[in-house]
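The next block holds one structure in the form of structure tokens; read it before the comments.
Bear in mind that the values here come from a model prediction, so they are computed numbers and not experimental data. The figures that follow rest on heavy atoms only: side chains count, while hydrogens, waters and symmetry mates do not.
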Amino acid sequence: MFDTHCHLNFKVFKKNVEQVIKSAQDQGVNSIVVPGTDIKTSKKAIDLAKKYQGLYAAVGIHPHHVFEIYQKKADFQSFVFEIEKLLENKKVVAVGEIGIDRHLYKKTRHQNYQVDEEFIDLQKIIFEKQIKLAKKYQKSVIIHNREAKKDLFEVLEKEKKGLEKKAVFHCCEPDLELLEYAKKNQFFIGVDGDLIYSSEKQEFIKKVPLEMLVLETDAPFLSPFKIFPNQPKNLQVISEFVAQLKNLSQKKVKNQTTINGKILFQL
């Protein structure tokens, strides 16, 4: 199996990352993409990908963490340039996770976090810049969208050309308009552990063709058991549940989603 989105670069895994990877491999998870959310975690993702077989890195600035740039009125170009420097590394397969996020987070490392239109405008600029980098370096794109579909489409409509079969709606919201957009533009749809307890997600995933689906854990988040931290070994649970939902064999789900992941990240 292929966990196409797993944050092994987060500090919760600092002391036991090797054991977490081994537990995942024991469950048949042989490939993992580790996405960055800022410059520090992007560099950490590369370090892990260099050290462990079957791991790949994605680098990028998450829209939530654009707030640091916004709050400090910092030069966003310098942050984007730091990401660009990382893209020359052979273990980097994607730019991500990047996108637009209107959710008002209660728990965040950023003080006085707020979402206003000026902040959203900066998110859009940095999202667009990072997509351009992905195309320049022929990398794939991991797209984060939270409560910001309209803003997301605004940017993608300018930059979608060249992203066919090289982009994924990570942890896709159960929205048929997102599904139709993905179909039209040949994007993949990421499905995570929240599928287990969200009837809305279950109905949505039934409608997603298997050829468009990639499996994700988003560990340490979105545990199918609602226990923190989630681990990549739990991809097995997601795979089983998808198979039941779609009335397919688990082997077919595992094989096709692994093929999809390899196509997505050009492996």
Side-chain angles (χ1 to χ4, degrees), residues 1-7 33 35 37 62-64 96-108 115 120 123 127 141-156 160 167-250 252-254 256-258 260-261 264:
M1 289 180 289
F2 193 159
D3 188 347
T4 59
H5 198 111
C6 176
H7 295 286
V33 168
T37 53
H62 189 291
H64 176 66
E97 63 186 280
I98 61 173
I100 314 286
D101 193 326
R102 283 185 174 270
H103 185 73
L104 191 58
Y105 290 87
K106 296 287 196 310
K107 287 185 177 180
T108 172
V115 178
I120 294 296
Q123 286 189 32
F127 181 34
V141 179
I142 299 169
I143 300 168
H144 171 101
N145 160 56
R146 192 162 185 187
E147 301 163 21
K149 178 178 65 176
K150 185 181 172 185
D151 308 287
L152 191 82
F153 288 164
E154 186 184 317
V155 176
L156 287 174
K160 65 186 180 181
V168 58
F169 284 147
H170 154 59
C171 193
C172 190
E173 291 179 339
D175 184 305
L176 292 180
E177 198 174 353
L178 286 169
L179 176 56
E180 287 309 308
Y181 194 91
K183 283 181 179 177
K184 184 180 173 183
N185 295 288
Q186 299 180 66
F187 289 6
F188 289 96
I189 298 284
V191 60
D192 304 70
D194 57 341
L195 176 73
I196 311 301
Y197 44 84
S198 169
S199 57
E200 200 178 3
K201 278 273 178 96
Q202 290 164 18
E203 290 307 309
F204 177 70
I205 292 302
K206 283 179 187 177
K207 296 179 175 72
V208 180
L210 186 61
E211 292 71 24
M212 289 178 64
L213 210 58
V214 292
L215 304 180
E216 312 174 330
T217 57
D218 201 21
F221 311 113
L222 297 181
S223 165
F225 310 110
K226 296 188 178 182
I227 296 169
F228 187 88
N230 190 16
Q231 289 197 23
K233 67 180 181 181
N234 292 329
L235 202 71
Q236 172 78 9
V237 179
I238 300 166
S239 172
E240 286 175 1
F241 202 87
V242 169
Q244 288 172 15
L245 270 183
K246 290 186 164 295
N247 198 24
L248 297 168
S249 71
Q250 201 182 346
K252 185 173 179 63
V253 170
K254 285 180 178 180
Q256 188 61 56
T257 54
T258 298
N260 296 347
L264 167 60

Steps toward side-chain contact (heavy atoms from CB on, under 4.5 Å) verdict (F204, I189): CA-CA 11 Å; F204 177 70; I189 298 284; 4.2 Å; yes
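- With rounding to the nearest 0.5 angstrom, the CD atom of E147 is 12.0 Å from the CG atom of D175.
- No side-chain heavy atom of E203 sits less than 4.5 Å from a side-chain heavy atom of P174.
- Note that CG of L156 and NZ of K149 are 13.0 Å apart. Values are rounded to the nearest 0.5 Å.
- Evaluation of the salt bridge (Lys or Arg N to Asp or Glu O under 4.0 Å) rule for E173 yields no partner, not counting sequence neighbours.
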Which is it for V33 and F2 under the side-chain contact (heavy atoms from CB on, under 4.5 Å) test, yes or no, and what are the steps along the way? CA-CA 8 Å; V33 168; F2 193 159; 3.7 Å; yes
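- Taking the six-membered ring where the residue is Trp, Y181 and F153 present parallel rings, their angle staying beneath 30° rather than reaching 60°.
- Summarising the geometry of K207 relative to L176, their closest heavy-atom pair is CD-CD2, 3.6 Å, with the distance given to 0.1 Å.
- Closest of all the heavy-atom pairs between Q202 and I196 is NE2-O, 3.2 Å.
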Can I get a per-line list of side-chain donor-acceptor pairs under 3.5 Å for residues 235-249, giving both atom names and the distance, sequence neighbours left out?
residue: Q236; atom: OE1; partner: K254; partner atom: NZ; Å: 3.4
residue: Q236; atom: NE2; partner: E240; partner atom: OE2; Å: 3.1
residue: K246; atom: NZ; partner: I205; partner atom: O; Å: 2.9
residue: K246; atom: NZ; partner: K206; partner atom: O; Å: 3.3
residue: K246; atom: NZ; partner: V208; partner atom: O; Å: 2.5
residue: S249; atom: OG; partner: K252; partner atom: N; Å: 3.1

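- Remark: the backbone N or O of T217 is paired with a side-chain donor or acceptor of D3 at under 3.5 angstrom.
- Note: D218 CG to C171 SG = 6.0 Å, rounded to the nearest 0.5 Å.
- The two residues V168 and G190 have their closest heavy-atom pair at CG2-N, 3.7 Å.
- Atom OG1 of T4 and atom CG of L213 lie 9.0 Å apart (nearest 0.5 Å).
- The line from CG of L215 to OG1 of T258 is 7.0 Å long, rounded to the nearest 0.5 Å.
- For the pair F169 and L179, the minimum side-chain heavy-atom distance is 4.5 Å or more.
- Below 30°, between 30° and 60°, or above 60°: for H5 and H170 the angle between ring planes is below 30°, a parallel geometry.
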Report the C-alpha separation of I143 and F127 in whole Å, then their side-chain angles, then the decisive distance to 0.1 Å, and conclude whether the side-chain contact (heavy atoms from CB on, under 4.5 Å) test is met. CA-CA 9 Å; I143 300 168; F127 181 34; 4.1 Å; yes
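- Closest heavy-atom contact between N260 and V214: CB-CG1, 3.8 Å.
- Distance check: Q123 CD to I98 CD1 gives 12.0 Å after rounding to the nearest 0.5 Å.
- Sequence neighbours left out, the pairs with a member in residues 185-196 that pass side-chain hydrogen bond (donor to acceptor under 3.5 Å, both in side chains) are D194-K201.
- Contact between L152 and G99 at its shortest, heavy atoms only, is CD1-CA, 4.5 Å.
- The minimum heavy-atom distance between N230 and F221, with the atom names listed, is ND2-O, 2.9 Å.
- Proximity of P220 to F228: side-chain heavy atoms (C-beta onward) are separated by under 4.5 Å at one or more points.
- Remark: the H7 side chain and the T37 side chain contain no N/O donor-acceptor pair separated by less than 3.5 Å.
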